[in-house]
Amino acid sequence: KAGVTQTPRYLIKTRGQQVTLSCSPISGHRSVSWYQQTPGQGLQFLFEYFSETQRNKGNFPGRFSGRQFSNSRSEMNVSTLELGDSALYLCASSLYFAGANPSTDTQYFGPGTRLTVL
Amino acid sequence: DAKTTQPNSMESNEEEPVHLPCNHSTISGTDYIHWYRQLPSQGPEYVIHGLTSNVNNRMASLAIAEDRKSSTLILHRATLRDAAVYYCIPQNYGGSQGNLIFGKGTKLSVKP
């Protein structure tokens with residue numbers, strides 16, 4: 001079974017631009033979560049989508065948004081990029097939304113998209 | 001969300017057992033304890049999780065203290081490929097709806 005794929009793997013943008021990142025979950029997985037990883041803040045939860053609905057959102061400004069399609073693929077968008085948005089953006093997929101079945105909850109992460117904002 | 005305390009770093013020799021400790025004294029009775037690891041230049045990878053009793057899988061063992069305030073991830077024979085940052089995550093199903101809250105983790109180095 002193919003793992004979680006993220007595209008593109010690397011991206012360079014300038015301040016003020018916007019960017020869209022894509023995530024394809026493992027086949028059959030219906031939940032996609034997004035995380036931001038920076039050297040200073042570590043791994044931080046952005047949001048989770050399940051069945052095309054945002055279930056939970058982390059503490060990030062409204063410039064960060066996402067969506068999920070009927071095939072469970074997800075995109076996240078960052079508008080008006082700032083230098084501090086430079087980070088590794090990771091997505092993770094799981095069968096169900098977080099908390100649906102605690103005994104079997106496992107998230108599978110993709111390799112990430114490295115975003116550099118100049 | 002339960003707070004965790006892990007050593008910043010640990011060293012091990014190849015083919016020796018490694019015990020990675022984690023304190024989570026504020027854990028609630030329904031929080032599962034998850035361990036993930038992140039190898040260099042990769043996304044995090046699930047290792048193991050448990051609630052009360054000890055758990056084993058092909059990657060590792062998880063020993064959970066009786067009071068659940070601490071746990072230990074055990075790698076039975078460390079290999080060079082086990083060099084990674086290991087995260088202990090009490091998964092909160094009451095407050096943050098179960099999403100993973102990563103701390104700083106323990107950076108494990110494995111010497112040949």
Take atom [atom1] in [X]; do more than 12 heavy atoms of anything else shown fall under 6.0 Å from it?
{"X": "A:Arg15", "atom1": "CZ", "value": "no"}
{"X": "B:Asp67", "atom1": "CG", "value": "yes"}
{"X": "A:Lys13", "atom1": "NZ", "value": "yes"}

Same apolar cluster (I L V M F W Y, side chains within < 4.5 Å links), [X]/[Y]:
{"X": "A:Tyr49", "Y": "A:Phe64", "result": "yes"}
{"X": "A:Phe60", "Y": "B:Ile101", "result": "no"}
{"X": "A:Phe69", "Y": "A:Phe47", "result": "no"}
{"X": "A:Phe109", "Y": "A:Leu88", "result": "yes"}
{"X": "A:Trp34", "Y": "A:Phe50", "result": "no"}

Exercise. Going by residue number, which parts of residues 35-55 of chain B are within reach of chain A, meaning a heavy-atom gap below 4.5 Å?
Worked result: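 Residues B:Tyr36, B:Gln38, B:Gly43, B:Pro44, B:Tyr46, B:His49 are the ones that qualify, each having a heavy atom under 4.5 Å from chain A.
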Exercise. Among residues 8-22 of chain B, which residues come closer than 4.5 Å to chain A, judged by heavy atom distances?
Worked result: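 The stretch does not come within 4.5 Å of chain A.
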Identify which part of [X] has an atom lying under 4.5 Å from any heavy atom of chain B, answering side chain, backbone, both or neither.
{"X": "A:Leu90", "answer": "side chain"}
{"X": "A:Tyr35", "answer": "side chain"}
{"X": "A:Gln37", "answer": "side chain"}
{"X": "A:Thr106", "answer": "both"}

Problem set entry | Non-hydrogen side-chain atoms of A:Asp105 and B:His34 separated by less than 4.5 Å |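 Yes, close enough: below the 4.5 Å cut-off.
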For this session: Please report the closest heavy-atom contact between B:Leu100 and A:Phe45, naming both atoms and the distance.
Result: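 Heavy atoms of B:Leu100 and A:Phe45 come nearest at O-CB, 4.1 Å.
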